[in-house]
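Notes for the one structure printed next.
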Amino acid sequence: MRKFKVSIGMAACLCLGIAMAVSAPLAAAKADYPDKHVTVIVAWGAGGGTDLLTRAIQPILSKNLGADIVVKNLPGAAGTIGTAQAARAKPDGYTVLIGPAGPVTTQPHLRDIPYDLDSFDPVGRIAINVMVTMSTKESKYKTLNDIIEGAKANPNTIRCASSGAGTLPHIAILALNKAAGIQLKHLPYKGSSNAVKALLGGEADVFSDQAQIIPRYDLHAIASWSAERLPDYPNVPTMKELGYDFQIANWNGMFVPRGTPETVIDTLTTALEKTLADKAVLDEMAKLKVDISYLDPQAFKTFAEGDYVRNRELLKEAGLVK
Amino acid sequence: MEQISAAIAAAVMPGTLLAMLVGTVFGVIVGALPGLGSVLAITIALPFTFGMDTVPAIALVLAIYCSSVYGGSISAILINTPGTPQSAATMLDGFPMTKQGKVDYAIGWATTASVFGGIFSTVILIIMAPQLARFALRFNSIETFALISLSLTCIAGVSRGTILKGVIAGLVGIFLATVGTDPMTGTVRFDFGVFELTGGFKLIPAVVGLFAFGEVFSRVSKRHDASQQVDMNVGFRVAPLREWLLRWKTLVRSAVIGTFVGILPGTGASTASFIAYSETKRAGRFKEKLGTGEPEGLIASETSNNAVTGGALVPTLALGIPGDAVTAVMMSALIIQGIQPGVRLFEDNPETMNAAFVALIICNIMLFAVGALLAPLITRVLRIPEPILLALVMILSVVGSYGVSGAVFDVFVSLFFGVGAFLFRLCGVPIAPIVIGLVLGPIFEESLRQGLLITDGDFLAFFDPREHVIAFVLMLLTVAIIAFSTWREIGAAMRKKKEAT
């Protein structure tokens, strides 16, 4: 009997101990977050678009968050290596992912990846860059009609470059195929700059990518995949005006591993929103030609899920979903 | 004239000169450490450029670029381990020279050759960037395929005498390069369920394993004999002019090869140095002695890989299309400064670009001075007792392969390649062809499959001289080289047989 009592006492102590051990860091996380440096994972090499964006907001975000921020570049396999690392991290708010649409809305459909969009809790959307379909100034394809007519007359002959299978430029080709009922020939290249080179060298006829590359390579814009005409290109029609209601954009957002305490997400969201309204950040973004476009966690979640579902459908019809 | 003096004035400001000096010293050291290549060196410096003025920022990045490519040659010569993949061909003659105790001359040859290559290509860049950029655009998938086929014949050049083993090693390299994501469909190949392999083997951990680990393992496996140690002339010595005059053709030829290969996006300095080396093996004055510590081999490799720097800037600046990861990071450095590379770069920013060109020339001259000053210090490494030296190489290599992307997995990749390289060396299989296969394999496959998409699967259409004249000529050259080397090998075998009987 006495033995039993002791063991009850011990069990109680043990339970209490476990409860304290479990709750103590949680309570601490709530009250003191952040009390050490925060690591931001960028799943691309230094100097890439996402990296430049992250480093541009880093100092101000660090000030608003009240903690040092370390940017960790983990490139490889179309951004999935670093993104997987972020998904595996402890959900305590000290590991954060800043990343574009590809690794979370297209890659999970293409192959076995140890994460999915719902492995993350969204913190906020940072920026958005609308896709624009373009050709060269010397090209015979100057309007969307030129492309559709040409493809109807000779299916599978108009060469459309992309920056790789399953990338957003590829999604744009698939979307156009579906919307207009045509067959375009897909030429995948390694990365956007090789695709642009193919376009300039005459190997490819059409390429869709972010608007910021139009002035750099002196290209001809055919149509933009946005709801409204772009302020910088008032003469370029939108796909919607042309009768194809598709909107495609690349974006960058901040995520944390799923299961991160809500108060921690709130702290991060507040700091992010404040950062994106900062004048120094806006100036820096103007230099990088990135359009800031903040969305709160709930709106961002709905938005990203919309992209995820649409991309899955398009890739499935193209026979690319695993 | 006024423009030139304004550009010089902007480039010789004390702040700019200081930026270049810091960049050059930093680049040489990072380049010399195995695994820490040009990309990492520039990446480390990138955040510092945020707060700098435009010209000093560009000068800093350019200085790091040139000097890190050169720095790789130092460790190649000293410890038979290239600091960067670009210097893999430098070992072939650099290390034998060290073994003969002529390390001071070897560093002298390599430094002078690098400076010549760098300045030669800078001059070409200044004079004809827009025209060359237009030429680069004519190199589409099919032309690239033909050029890579030609480059693959280098395998014969770096493995003469053991040509069959060389070809096997080259094929091993190409097969290893197919691991990872299929470039056309996005499907994953040969990952054996290991998620980290879905991106394929990264080049730097692989090269660190093949050379640094491979070298350490094979030295450890041999009995250490202190009495055999050669008396080292540490220091820095440039060979007399008459020695240079004997080899001037190789100097110029390698500079041209390096600049040309640099201009074509997607190839890079490792390819250039192997092509230049095997060209020298075919046409050099001392071709018979190549591979035994002949300075001509050093000249070929080092002139061409530094000549790539100016060449690679042609498409990066004039088209806004970076050819490799290094120039991509450099392009970001410009964009951070608010300068958009591309067709309008020279019109929009004439002063800045002129100053950058002057800075590029000064960087190369500074490279010589820094090389001459650092060499006496660095070559002392050879006086460190071998066990300690090998331990240091191991530590630096682990750090180097981890540092590429901060993944422990890459360290295991290095170890795997190191053990493989050790076994290959035991069997007398040359290692350099594996690197050639690893570097060229992905471009070979990608350009072949893109070309087949374009011609609707018709391989013969690649060689239609009406459509693809450049590809046609390159393929003819490839066939001629293969026929020539086969014929020579057979001839040598016949003679041997005759002598035996």
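Quick note on labels: first sequence line is chain A, next is B, and so on, each numbered from 1.
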key: Part of B:Met330 within contact of chain A (heavy atom distance under 4.5 Å)   = neither
query = Side chains of B:Thr198 and A:Asp112: closer than 4.5 Å at any heavy-atom pair?
reply = no
request  = Dump the intermediate steps for side chain to side chain contact (heavy atoms under 4.5 Å, CB included) on B:Asp456 and A:Lys185, then the final yes or no.
outcome  = CA-CA 10 Å; B:Asp456 288 315; A:Lys185 187 183 242 180; 2.9 Å; yes
query = Crowded around A:Asp116 CG? As in, over 12 foreign heavy atoms under 6.0 Å?
reply = yes
key: A:Tyr308 atom OH, over 12 foreign heavy atoms within 6.0 Å   = yes
request  = Identify which of A:Leu110, A:Leu200, A:Thr157 forms the greatest number of heavy-atom pairs closer than 4.5 Å to chain B.
outcome  = A:Leu200
message = To the nearest 0.5 Å, what is the distance between CD on B:Glu143 and CD on A:Glu203?
response = 8.0 Å
message = Are more than 12 heavy atoms, taken from residues, nucleotides or ligands other than A:Arg88, located less than 6.0 Å from that residue's CZ atom?
response = yes
message = Quick check on A:Thr80 against chain B: is it the side chain, the backbone, both or neither that has a heavy atom closer than 4.5 Å?
response = both
inquiry  = How long is the straight-line distance from CG of A:Asn194 back to OG of B:Ser141, given to the nearest 0.5 Å?
reply    = 9.0 Å
key: Winner by heavy-atom pair count (cut-off under 4.5 Å) against chain B, out of A:Pro114, A:Gly164, A:Ala84, A:Pro75   = A:Pro114
task = Select one option (side chain, backbone, both, neither) describing which atoms of B:Thr187 are under 4.5 Å from chain A's heavy atoms.
result = neither
inquiry  = Heavy-atom pairs under 4.5 Å with chain A - which of B:Lys202, B:Arg449, B:Arg138, B:Glu446 has more of them than the others?
reply    = B:Glu446
query = Which heavy atom of B:Phe139 sits nearest a heavy atom of A:Lys197, and at what distance?
reply = O-NZ, 2.5 Å
task = Considering non-hydrogen atoms only, spot the tightest contact between B:Pro183 and A:Pro188 and give its length.
result = O-CB, 4.1 Å
ask   = By a 4.5 Å heavy-atom criterion (distance strictly below it), what part of B:Leu453 contacts chain A: side chain, backbone, both, or neither?
value = both
query = Between B:Gln450 and A:Leu187, which heavy-atom pair has the shortest distance, and what is it?
reply = O-CD2, 4.4 Å
message = Using heavy-atom distances under 4.5 Å, tell me whether B:Ile336 contacts chain A through its side chain, its backbone, both, or neither.
response = both
inquiry  = Under 4.5 Å from any heavy atom of chain B, what part of A:Asn73 do you find: side chain, backbone, both or neither?
reply    = backbone
task = Answer with side chain, backbone, both or neither: which region of A:Arg159 has an atom nearer than 4.5 Å to a non-hydrogen atom of chain B?
result = side chain
task = Provide the closest heavy-atom pair for A:Lys190 versus B:Pro442 in the form atom of the first, atom of the second, distance.
result = NZ-CB, 3.9 Å
task = Quick one: closest heavy-atom pair of A:Ser193 and B:Ile321, and the distance?
result = O-CG2, 3.8 Å
query = Taking side chain as C-beta onward, heavy atoms only, is B:Ile335 less than 4.5 Å from A:Arg216?
reply = yes
inquiry  = Does B:Phe459 have more than 12 heavy atoms from other residues, nucleotides or ligands lying within 6.0 Å of its CZ?
reply    = yes
request  = Decide yes or no on side chain to side chain contact (heavy atoms under 4.5 Å, CB included) for B:Leu46 and A:Arg55, but give the supporting numbers first.
outcome  = CA-CA 10 Å; B:Leu46 210 55; A:Arg55 287 178 199 269; 5.8 Å; no
task = Using non-hydrogen atoms and a 4.5 Å limit, figure out which bit of B:Ala333 sits close to chain A: side chain, backbone, both or neither.
result = neither
Top contributor to chain B contacts, counting heavy-atom pairs under 4.5 Å, from A:Ala286, A:Ala165, A:Ala56, A:Gly82 = A:Ala165
task = Verify the neighbour count for atom CG of A:Asp278: are there more than 12 heavy atoms of other residues, nucleotides or ligands below 6.0 Å?
result = yes
ask   = By a 4.5 Å heavy-atom criterion (distance strictly below it), what part of B:Thr185 contacts chain A: side chain, backbone, both, or neither?
value = backbone
request  = Please report the closest heavy-atom contact between B:Met331 and A:Tyr217, naming both atoms and the distance.
outcome  = CE-OH, 4.3 Å
query = In terms of heavy-atom proximity below 4.5 Å to chain A, should B:Gln340 be classed as side chain, backbone, both, or neither?
reply = side chain
